[in-house]
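To find a chain, count down the sequence lines: A is the first, B the second, and so on, and within it residues start at 1.
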2 protein chains.
Amino acid sequence: MRDFNKKLRVVLIDDNANHLRGIKELINIESSYDVVGTTTSANLGINLVKKYHPDIVLMDINMPEKDGLQTIQAIAKLGLSTKVIALSGYDDSDLIYRAMKLGARGYVLKTMASVKLINAIEEVAAGKIYLPSVLTTRFFEYFQTTAIEETKAAEGENLLTSLTSRENEVLELLTEGINYKSIAGKLIISETTVKTHVNNIFQKLQVNDRTNAVLYALSHGFKTSKSAAMTTV
Amino acid sequence: MRDFNKKLRVVLIDDNANHLRGIKELINIESSYDVVGTTTSANLGINLVKKYHPDIVLMDINMPEKDGLQTIQAIAKLGLSTKVIALSGYDDSDLIYRAMKLGARGYVLKTMASVKLINAIEEVAAGKIYLPSVLTTRFFEYFQTTAIEETKAAEGENLLTSLTSRENEVLELLTEGINYKSIAGKLIISETTVKTHVNNIFQKLQVNDRTNAVLYALSHGFKTSKSAAMTTV
DNA sequence: GATTTTCTAAACCTTTAGATTTAGATAAAT
DNA sequence: ATTTATCTAAATCTAAAGGTTTAGAAAATC
């Protein structure tokens with residue numbers, strides 16, 4: 001919970017100077033926040049954040065130079081408690097997705113009413129995520145599409161299912177980039193046996209060498225004992 | 001936009017029979033939706049969905065047997081316009097994340113007021129995503145953490161940056177599982193030159209063979225001309 | 001009981017990959 | 001003007017990987 005006795009400190013980054021002034025005035029009129037810095041340059045913006053450690057950064061993400069997304073990432077990397085709200089003229093799914101992925105905690109359309117902007121700042125400062133419901137929908141649809149793309153390969157026609165359990169063990173070691181001798185050592189079988197298994201794996205996966213076997217495994221959702229623990233779906 | 005002359009058709013799946021009755025009554029009293037089917041079994045639930053093509057499925061995701069997440073996925077795979085709202089007793093970040101990833105369009109806590117459930121159904125049926133603001137925050141924090149984990153490897157100390165542009169081209173072909181001869185053919189240089197490049201790549205990436213070079217590249221965000229077009233960050 | 005699958009292993013051979021050295025031709029940087 | 005980096009290429013060698021066949025033992029399936 002934020003301390004309401006302290007004024008929220010805000011930094012504005014927008015390459016359009018007129019816009020910058022407009023937002024600043026809006027904030028001064030509609031709220032009691034303290035605009036500690038404004039700039040039209042992404043790089044200068046990052047410096048302002050470093051210097052003032054503001055509570056909120058309002059950032060236009062449609063900038064030329066170093067673009068808004070990179071700037072979000074740069075600010076996120078600073079590891080401060082500063083929260084970034086992305087401002088954009090468009091409700092582009094991909095843009096929203098990437099902004100949120102890189103650490104933005106809000107996304108506001110420039111066309112939205114000014115009271116909504118103040119509302120967004122208030123919510124984000126309180127630790128919440130601010131996304132208008134249209135954008136939430138867009139975000140999730142994009143998110144699900146992406147997630148489904150990822151898992152699609154892991155499903156469907158999958159030659160990996162034809163592997164025996166021993167072959168799976170061997171393939172797992174192959175995907176770690178280990179050679180025959182070491183695999184033999186780890187599984188406590190002879191090197192020639194490993195070669196037999198590997199050749200059988202090649203035939204089943206329809207490849208001719210270990211690199212392609214590994215590539216096939218990785219792109220078709222091959223589950224290793226390690227990855228199983230960290231995989232989400 | 002949905003046709004308000006037609007009653008929304010709903011299927012309920014919850015392994016707790018009492019809960020099932022409770023929700024059904026709630027819907028009958030508070031709304032005019034048509035509960036076309038209820039079941040305590042995930043598998044039967046999938047069959048109900050196949051049979052009735054309901055507008056909405058309310059599904060408890062804390063079920064034993066075939067769990068709720070798998071069921072969401074199974075329903076999503078049917079490719080119907082049926083929208084799933086997940087019901088859960090907990091606001092577990094990971095659970096919310098996975099449910100949404102698998103295609104849920106809403107997530108409602110069982111402890112929430114009944115009017116909210118009706119509200120959720122209404123919103124989701126209208127094509128929106130329904131997530132209470134606390135859960136939105138949880139979801140995004142989990143999402144960002146996951147995304148950051150993924151991109152972390154692609155940043156930081158990265159030996160890939162030391163590669164020359166020609167070496168990058170060669171590495172790209174290596175990551176496609178192509179052998180020396182073909183690489184030489186594609187780049188129109190001799191096979192021995194390719195070997196020289198590959199050996200230099202190995203030294204720079206501190207590996208001893210192509211499999212490990214490929215694994216290093218893939219796990220450190222190596223951008224191929226193809227992947228650059230589809231990658232999100 | 002017979003058959004199939006899986007895991008084990010060897011022998012034999014061919015091909016590819018990898019290590020190392022040397023070196024010429026440009027191009028860029030100091 | 002002279003290093004330095006990059007791209008090119010060859011020769012030579014060793015080690016590793018891959019292909020093929022054959023085969024025994026155990027377990028699962030028919």
Side-chain angles (χ1 to χ4, degrees), chain A residues 157-225 228, chain B residues 157-225 228:
Chain A
E157 212 56 72
N158 198 329
L159 300 172
L160 290 171
T161 58
S162 64
L163 298 183
T164 67
S165 65
R166 198 54 158 172
E167 285 161 0
N168 267 299
E169 291 181 72
V170 173
L171 181 56
E172 176 167 345
L173 296 173
L174 280 185
T175 62
E176 289 172 24
I178 304 177
N179 64 15
Y180 286 144
K181 192 176 288 184
S182 300
I183 293 176
K186 296 211 175 205
L187 298 182
I188 321 179
I189 53 180
S190 86
E191 211 174 319
T192 56
T193 304
V194 177
K195 285 192 178 190
T196 307
H197 285 311
V198 171
N199 270 292
N200 290 333
I201 291 170
F202 288 171
Q203 284 189 18
K204 288 184 178 178
L205 301 188
Q206 295 163 25
V207 296
N208 305 300
D209 55 74
R210 48 176 64 212
T211 306
N212 282 291
V214 169
L215 288 172
Y216 186 94
L218 296 181
S219 66
H220 288 76
F222 179 68
K223 291 275 172 296
T224 68
S225 50
Chain B
E157 214 56 71
N158 197 331
L159 301 172
L160 290 172
T161 57
S162 64
L163 298 183
T164 67
S165 65
R166 197 54 158 172
E167 285 162 359
N168 266 300
E169 291 182 72
V170 174
L171 180 55
E172 175 166 345
L173 295 174
L174 280 185
T175 62
E176 289 172 25
I178 304 176
N179 64 14
Y180 287 144
K181 191 175 289 183
S182 299
I183 293 175
K186 296 210 176 207
L187 298 182
I188 321 180
I189 52 179
S190 87
E191 209 174 322
T192 56
T193 304
V194 177
K195 285 192 177 192
T196 307
H197 285 311
V198 170
N199 270 293
N200 290 333
I201 291 170
F202 288 170
Q203 284 189 20
K204 289 184 177 178
L205 302 188
Q206 295 164 22
V207 297
N208 306 299
D209 55 73
R210 48 175 66 212
T211 306
N212 281 290
V214 169
L215 289 172
Y216 185 93
L218 296 182
S219 66
H220 288 76
F222 180 68
K223 291 277 171 295
T224 68
S225 50

Would you give a per-nucleotide map of nucleotides 9-30 of chain D, 5' to 3', where B means the base has a protein non-hydrogen atom under 4.0 Å away, S means only the sugar-phosphate does, and - means neither? BB------BBBB----------
Given axes from five pairs at either end, by how many degrees does the helix from C/dT3-D/dA28 to C/dT30-D/dA1 bend, rounded to 10°? 50°
Provide, to the nearest angstrom, the distance between the [atom1] atom belonging to [X] and the [atom2] atom belonging to [N].
{"X": "A/Asn212", "N": "C/dT16", "atom1": "CG", "atom2": "P", "value": "14 Å"}
{"X": "B/Ile201", "N": "D/dT6", "atom1": "CD1", "atom2": "C1'", "value": "13 Å"}
{"X": "A/Leu187", "N": "C/dT8", "atom1": "CG", "atom2": "P", "value": "8 Å"}
{"X": "B/Gln206", "N": "C/dA19", "atom1": "CD", "atom2": "P", "value": "14 Å"}

Does A/Lys195 have any salt bridge (Lys or Arg N to Asp or Glu O under 4.0 Å) partners at least two apart in sequence or in another chain, and if so, which? none
pair [X]-[Y]: side-chain heavy atoms closer than 4.5 Å:
{"X": "A/Phe202", "Y": "A/Asn212", "value": "no"}
{"X": "B/Val170", "Y": "B/Ile201", "value": "yes"}
{"X": "B/Arg166", "Y": "B/Ile189", "value": "yes"}

In Å and rounded to the nearest 0.5 Å, what is the [atom1] to [atom2] distance from [X] to [Y]?
{"X": "A/Leu205", "Y": "A/Leu215", "atom1": "CG", "atom2": "CG", "value": "11.5 Å"}
{"X": "A/His197", "Y": "A/Glu169", "atom1": "NE2", "atom2": "CD", "value": "8.5 Å"}
{"X": "A/Thr211", "Y": "A/Leu174", "atom1": "OG1", "atom2": "CG", "value": "9.5 Å"}
{"X": "A/Ile183", "Y": "A/Glu176", "atom1": "CD1", "atom2": "CD", "value": "9.0 Å"}

Report all interatomic pairs (protein N or O, nucleotide N or O of nucleotides 27-29 of chain C) with separations under 3.5 Å.
none

Mind checking side chain to side chain donor-acceptor pair (under 3.5 Å) for A/Thr193 and listing every partner two or more places apart, or none if nothing turns up? A/Ser190
Please list residues of residues 164-171 of chain B whose heavy atoms come under 4.0 Å from any atom in DNA chain D, ordered by number; otherwise none. B/Thr164, B/Ser165, B/Arg166
Sub-3.5 Å donor-acceptor pair from the side chain of B/Arg210 to the main-chain atoms of B/Ile178, do we have one? yes
Is a side-chain N or O of B/Ser182 found less than 3.5 angstrom from the main chain of B/Asn179, in a donor-acceptor match? no
Do you know which of B/Asn199, B/Leu160, B/Leu171, B/Thr164 makes side chain to side chain contact (heavy atoms under 4.5 Å, CB included) with B/Lys204? B/Thr164
Are A/His197 and C/dC7 close enough that a side-chain N or O sits under 4.0 Å from OP1 or OP2? no
Over all heavy atoms of both residues, which pair between B/Thr175 and B/Ala217 is shortest? Give the atoms and the distance, please. CG2-CB, 4.0 Å
